[in-house]
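Order of appearance sets the numbers: ligands from 1, and atoms from 1 within every ligand. Both backbone and side-chain heavy atoms feed into the values below; hydrogens, waters and symmetry mates do not. All residue numbers in this chain count up from 1 along the given sequence.
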Amino acid sequence: MNTYGRQAVEFSRGEGSWLYDTNDKAYLDALSGIAVCSLGHSHPAVTQAICEQAGKLIHTSNIFPIGQQNLLADTLCRLSGMDKVFFANSGAEANEAAIKLARLHGHQKGIGKPDIIVMEGAFHGRTMATLSATGNRKIQAGFEPLLSGFVRAPYNNVEAIATIGANNPNVVAILVEPVQGEGGVVIPSPGYLSQLRELCDKMGWLLMLDEIQTGIGRTGEIFSYLHEAILPDVVTSAKALGNGVPIGACLAQGDAAEVFQPGNHGSTFGGNPLACSAALAVLKTIEDENLCDRAMALGQRIVENLQQTIGDKEYVREIRGYGLMIAIELDRDCGSLVAAALDDGLIINVTAGNVIRLLPPLTISNDDADLLVQKLNPLLDTFAQQ
Ligand code: PLP
């Protein structure tokens with residue numbers, strides 16, 4: 001169906017940080033399939049895991065125990081500090097699980113109409129529940145009636161949330177992105193998550209973090225809450241978890257991990273042997289190759305380079321980054337830059353109208369990271385002159 005405005009270029013193969021179109025023209029990939037292919041394209045460890053597993057067993061259903069799913073759950077729990085995992089197939093589905101978990105938790109506490117606090121500018125997905133939780137009217141328009149049970153608060157404002165809570169006994173949880181990705185790479189003040197943790201503890205709410213874009217190493221930790229040494233009650237993951245093989249996960253710890261019982265939730269494909277094998281290879285590679293530290297170092301390198309080369313241009317409002325989630329905010333809309341960059345063999349993204357979003361693979365070389373900045377500089381000048 002006609003759901004996407006697509007670019008004119010089609011890719012036929014990829015290797016590391018490079019994609020090649022059907023005419024074999026090379027493109028430096030600073031998008032990674034929107035924060036998905038964090039190990040780059042055709043990573044040998046992922047390819048091998050998929051091929052080996054496909055030759056053995058792809059799917060059995062969750063009616064039976066699945067060894068690879070158990071292994072992946074153990075690995076994820078060890079890395080995240082969570083206790084249990086529900087596996088889905090996408091980010092929206094992972095968030096659906098979190099939303100259902102919070103509601104069921106509310107009912108178990110005797111709250112018949114539980115509310116979840118969600119943020120202005122948030123993006124949580126395109127299913128009915130997740131678009132209702134999303135703080136963007138464009139995504140909701142035409143799909144009313146939206147789901148009730150979401151209360152909106154400004155992002156990066158803990159006091160506003162405390163005020164809502166003081167007047168609403170039905171609140172059971174906060175659902176929040178540690179960095180708003182689709183919203184324009186909005187990075188909250190340091191300590192934001194710790195303050196939310198404190199508030200949730202005081203109010204008896206679940207802290208639920210949507211780490212679908214920030215997670216799996218992108219911000220320099222496997223999950224970005226680890227920067228603040230706190231634990232959420234629930235965390236959702238997808239995107240980079242399978243490096244392109246569809247998989248989503250809703251992780252929980254403590255009481256939140258005990259909310260779902262058999263029959264409460266499910267997924268035919270969720271956590272099948274193929275997807276879990278791919279994700280196991282992804283996590284092993286990230287650990288073996290120390291890619292979280294690499295993301296941090298690369299992010300600093302790119303942001304410093306950008307500051308030096310384009311930081312002084314009058315149309316550049318701000319350059320900001322958190323690991324390898326990098327934004328160049330301009331003083332004007334710049335959607336046309338995407339096609340101009342493609343012409344020049346560079347894949348970038350523009351979000352929130354005027355924010356160039358860079359999400360290169362965690363495996364990008366220093367030379368290619370430098371090339372990315374070199375390519376952007378003249379592109380921006382040409383754009384500004386038009
Ligand atoms: N949550 C966040 C923070 C996202 O960035 C996205 C996708 O961009 C989603 C949820 C939805 O994920 P999916 O497209 O896999 O359903």
Between [X] and [Y], does any side-chain N to carboxylate O distance fall below 4.0 Å?
X	Y	value
Arg357	Glu182	yes
Glu144	Arg137	yes
Arg320	Glu329	yes

Checklist entry - Any idea which atoms of ligand 1 are less than 4.0 Å away from a heavy-atom of Ser90? => result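 Once the distances to Ser90 are compared, the set is 15 (O), 16 (O).
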Checklist entry - When the aromatic ring centroids of Phe269 and Phe87 are compared, is their separation below 6.0 Å? => result no
Checklist entry - Would you say the ring centroid of His41 lies under 6.0 angstrom from that of Phe11? => result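 Ring-ring flag for His41/Phe11: false, centres at least 6.0 Å apart.
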Checklist entry - Is there a heavy atom in Asn95 that sits closer than 4.0 Å to ligand 1? => result yes
Can you report which non-hydrogen protein atom sits closest to [atom], along with the distance?
atom	answer
atom 16 (O) of ligand 1	Ala92 N, 2.8 Å
atom 7 (C) of ligand 1	Lys239 CE, 3.3 Å
atom 5 (O) of ligand 1	Gln213 NE2, 2.8 Å
atom 1 (N) of ligand 1	Asp210 OD2, 2.7 Å
atom 12 (O) of ligand 1	Gly91 CA, 3.3 Å

Checklist entry - Any side-chain donor-acceptor pair under 3.5 Å between His43 and Thr363? => result no
Next on the checklist: When you compare the side chains of Glu304 and Gln300, does any donor N or O come within less than 3.5 Å of an acceptor on the partner?
Outcome noted: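 No, no side-chain donor-acceptor pair sits under 3.5 Å.
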Checklist entry - Any N/O of Ala238 closer than 3.5 Å to an N/O of ligand 1? => result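 No, Ala238 has no N/O under 3.5 Å of an N/O on ligand 1.
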Checklist entry - Side chain or backbone of Glu182 under 4.0 Å from ligand 1, or both, or neither, by non-hydrogen atoms? => result side chain
Checklist entry - Heavy atom under 4.0 Å from ligand 1: found in Glu177's side chain, backbone, both, or neither? => result side chain
